[in-house]
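Note sheet for the following structure.
Naming convention: chains lettered A, B, ... in sequence-line order (proteins, then strands); numbering from 1 in each chain.
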Amino acid sequence: MYQIIKQILKTGIKTETPPQADDSLRVREQEISAEILRVFGRALKIRHVDAGSCNGCELEIHAVNSAYYNIEGLGIGFVASPRHADMLLVTGPVSRHMETALKRTFDATPDPKLVVALGDCGCTGGLFGENYASCGKVSNVIPVDVEVPGCPPPPTAILQGILAAVSKRG
Amino acid sequence: MELHPLPGAAPAWQGEIAPHQLPACCEAVKNRGGRLVSLWGTDRRHLGGGFALHVALSDQPGLVCLSVPLDAANPAYPDISAIFPAANRMQRAAFDLLGIAPAGAADTRQWLRHGSWPQNAHPLRKEFDGGRVHSHDADVYPFVTVTGDGVHEIPVGPVHAGTIEPGHFRFSIIGERVLRLEERLGYKHKGIEKRFESLSLEDGAKLAGRVSGDSTVAYAWAYSMAVEGIAGVTVPPRAAHLRALLLELERLANHLGDLGYLGNDVALSFGFAQFWRLKEDALRASAAAFGHRYLMDLVVPGGVSRDIAPDGAAALLAMADALEPEVRTLKAIYDEHAGVQDRFLTTGRVTPELAARLGLTGLPGRASGQAWDLRAQYPVAPYDQLDVRMATHRGGDVAARVTVRFEEVFESLRLVRRLLDTLPGGELRLLISNVPAGALGIGLVEGWRGEVLVALHSGKDGAIERCHPHDPSWQNWPLLEHAIIGNIVPDFPLINKSFNLSYSGQDL
Ligand code: SF4
């Protein structure tokens, strides 16, 4: 125990100042945005859905949970069930084998809800594109509010995208 | 059988055999202690042939690729999954994608096809239009059911509770104890192999680097090694050095992340906080040195796409110097934490005997006494000068897989320093031109999970005729089913994480 406490004290606080929302990432004018702000404020629960990524985008989602970015400190947390979620964070081109699972997850998420598509693949289909096994971008399958490009998008870009979805247009 | 060496850095030989000779050849290799590395098929009908099956085996001198011509009308070959159990899913995938069938195989259920294309159509046949979308067929998968008093099933996935890739796990349990786990994968199948065939040899490296994004360096290197073999190009020493540096940085970052999650999974969130801070430091140093946190698109056919930044070496050395004592402290904390050790020890055990019989490979293999590490056994430049110390243990449990990771972290830190110290000058990239058509190139790289193989068949004018990227997860997923038997359901996330296998890399 002593070693653990010593290491924690030696490490100190690593959390950096969070970035601002990036409005340019917003792709859909939210009719429900006023409602969302009223309901969620900045206490936001996210369900991540990997709909067919290469697992690169997931690495950066893990990274936003690290002490440097401390996403929980912003009132944002990841939950295990879509029924507890306000937002779906979707990665990958949507594989056709995940199409149904993604739609079901979307339907299981209570209204009002938000969808953020992550990564070049989520925004455009990326290098995989659309084919016999891939539906391409996330918005081909479910409605998307915010798109965050990058391959993979770094943690600050992910935070900017999430914040853009839940903040008033600046 | 006549074997001829395949040109290139990988120590590989190729030989052609008739289908009926396949079992005997496999048997002979197995008896010498060899293993199945990969299995794939090709369509040669438009070239005037039929189909072909290719089986890559690890034998004493290196990799032996057996090519087996198959009849165009009835492309069947004798089952080899009775000899190498790891062949089971690979054969089923080869049938789904190409329609070549293992005669006499006990398990012929579909593997990668879930119903997104017609039952009798095979995407990797040349006449299959990859761009065409088909209506979904019903998707029924005959799981093996366990019956008995008090037995019940827990289905999990494809969407999991955490930030993990999608797959389906079906547990048959009695009380808390797992009697059987059956995996179903293929959810992420996105047509990667078909996509390769529409790319040039040059652009293929980008896609290879996205087969499994956490192993982007390993895949891009294996792919490039295959291209370079066909083209007869030896990469300049500086490029080879930089590639090894990138590969060790990739190993380091992934191991650090896993060590954090393994602490988290036994309720030591302190471990997650600490290791993910260190991982972030490593990623930032990589970005400072090479412009990308995960080092994507840096390894390209002919060499590397950019040099290390002027202050990159200093950033990496500072990171390595800061990291090493921290990881030592954390290792001591993990080692001495009774609660952590109680969860790690004897959990998810794969005995060395089982590992050898079923073909466990890579990192989990080394934790179960399977002493294979390409960097030590078949070292390609610059590993031939690095004298890599392989980490092996015989415990086969979560604790052993944690220990292998710790040891490989320290070894990668040593290699990073050595590589920076001895970085030669000179060119970064040679031009690849005049690639002969109809050739086979093999790339083989020890990624952080294990052996990544890329088999590349060249087409005309720098086109890709066929490309098969192989992830070591193919071999290891079936062993995860064994590792969980007799353990309790709440230990599954821990055991799963201790393997940390790729979904995308096997779903393709
Ligand atoms: S955007 Fe890049 S990192 Fe993300 S899933 Fe696509 S290829 Fe992988």
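Taken to the nearest 0.5 Å, the CG atom of Leu59(A) stands 5.0 Å off from the NZ atom of Lys279(B). Remark: His136(B) NE2 to Arg96(A) CZ distance equals 4.0 Å, nearest 0.5 Å.
Neither the backbone nor the side chain of Thr91(A) has a heavy atom closer than 4.5 Å to any heavy atom of chain B. Proximity to chain B (any heavy atom under 4.5 Å) is restricted, for Ile61(A), to the side chain, taken from C-beta onward.
No side-chain heavy atom of Arg210(B) sits under 4.5 Å from any side-chain heavy atom of Cys121(A).
For the side chain to side chain contact (heavy atoms under 4.5 Å, CB included) test with Val159(B), the passing option among Arg104(A), His48(A), Arg47(A) is Arg47(A); the others fail.
Using a 4.5 Å cut-off between non-hydrogen atoms, the part of residues 263-273 of chain B that approaches chain A consists of Leu268(B), Phe270(B), Phe272(B). At a heavy-atom separation below 4.5 angstrom, chain A is approached by Lys194(B), Arg195(B), Lys206(B) within residues 194-206 of chain B.
Residues passing the side-chain hydrogen bond (donor to acceptor under 3.5 Å, both in side chains) test with Gln110(B), sequence neighbours excluded: Arg113(B). For Asp50(A), the salt bridge (Lys or Arg N to Asp or Glu O under 4.0 Å) partners are Lys188(B), not counting sequence neighbours.
The candidate from Thr105(A), Val49(A), Thr11(A) with the greatest count of non-hydrogen atom pairs under 4.5 Å with chain B is Thr11(A). Counting heavy-atom pairs under 4.5 Å between each of Phe275(B), Tyr261(B), Tyr503(B) and chain A puts Tyr261(B) at the top. Heavy-atom pairs under 4.5 Å with chain B peak, among Lys10(A), Lys6(A), His62(A), at His62(A). Across Phe128(A), Tyr132(A), Tyr69(A), the residue that shares the most heavy-atom pairs under 4.5 angstrom with chain B is Tyr132(A). Of the listed residues (Gly56(A), Ala67(A), Ala80(A)), the one with the most heavy-atom contacts under 4.5 Å to chain B is Ala80(A).
No salt bridge links Glu280(B) with Lys14(A); every basic N to acidic carboxylate O contact stays at or beyond 4.0 Å.
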Criterion side-chain contact (heavy atoms from CB on, under 4.5 Å) on Met98(A) and Lys190(B), from CA distance to verdict = CA-CA 10 Å; Met98(A) 280 301 289; Lys190(B) 45 192 176 282; over 6 Å; no
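Residues Ser504(B) and Cys54(A) come closest through the heavy atom pair OG-CA, 3.6 Å. The two residues His97(A) and Leu112(B) have their closest heavy-atom pair at CE1-O, 2.8 Å.
Between the side chain of Arg132(B) and the main chain of Asn131(A), no donor-acceptor pair closer than 3.5 Å is present.
With no hydrogens or angles considered, a side-chain donor-acceptor pair links Asp281(B) and Tyr68(A) at under 3.5 Å.
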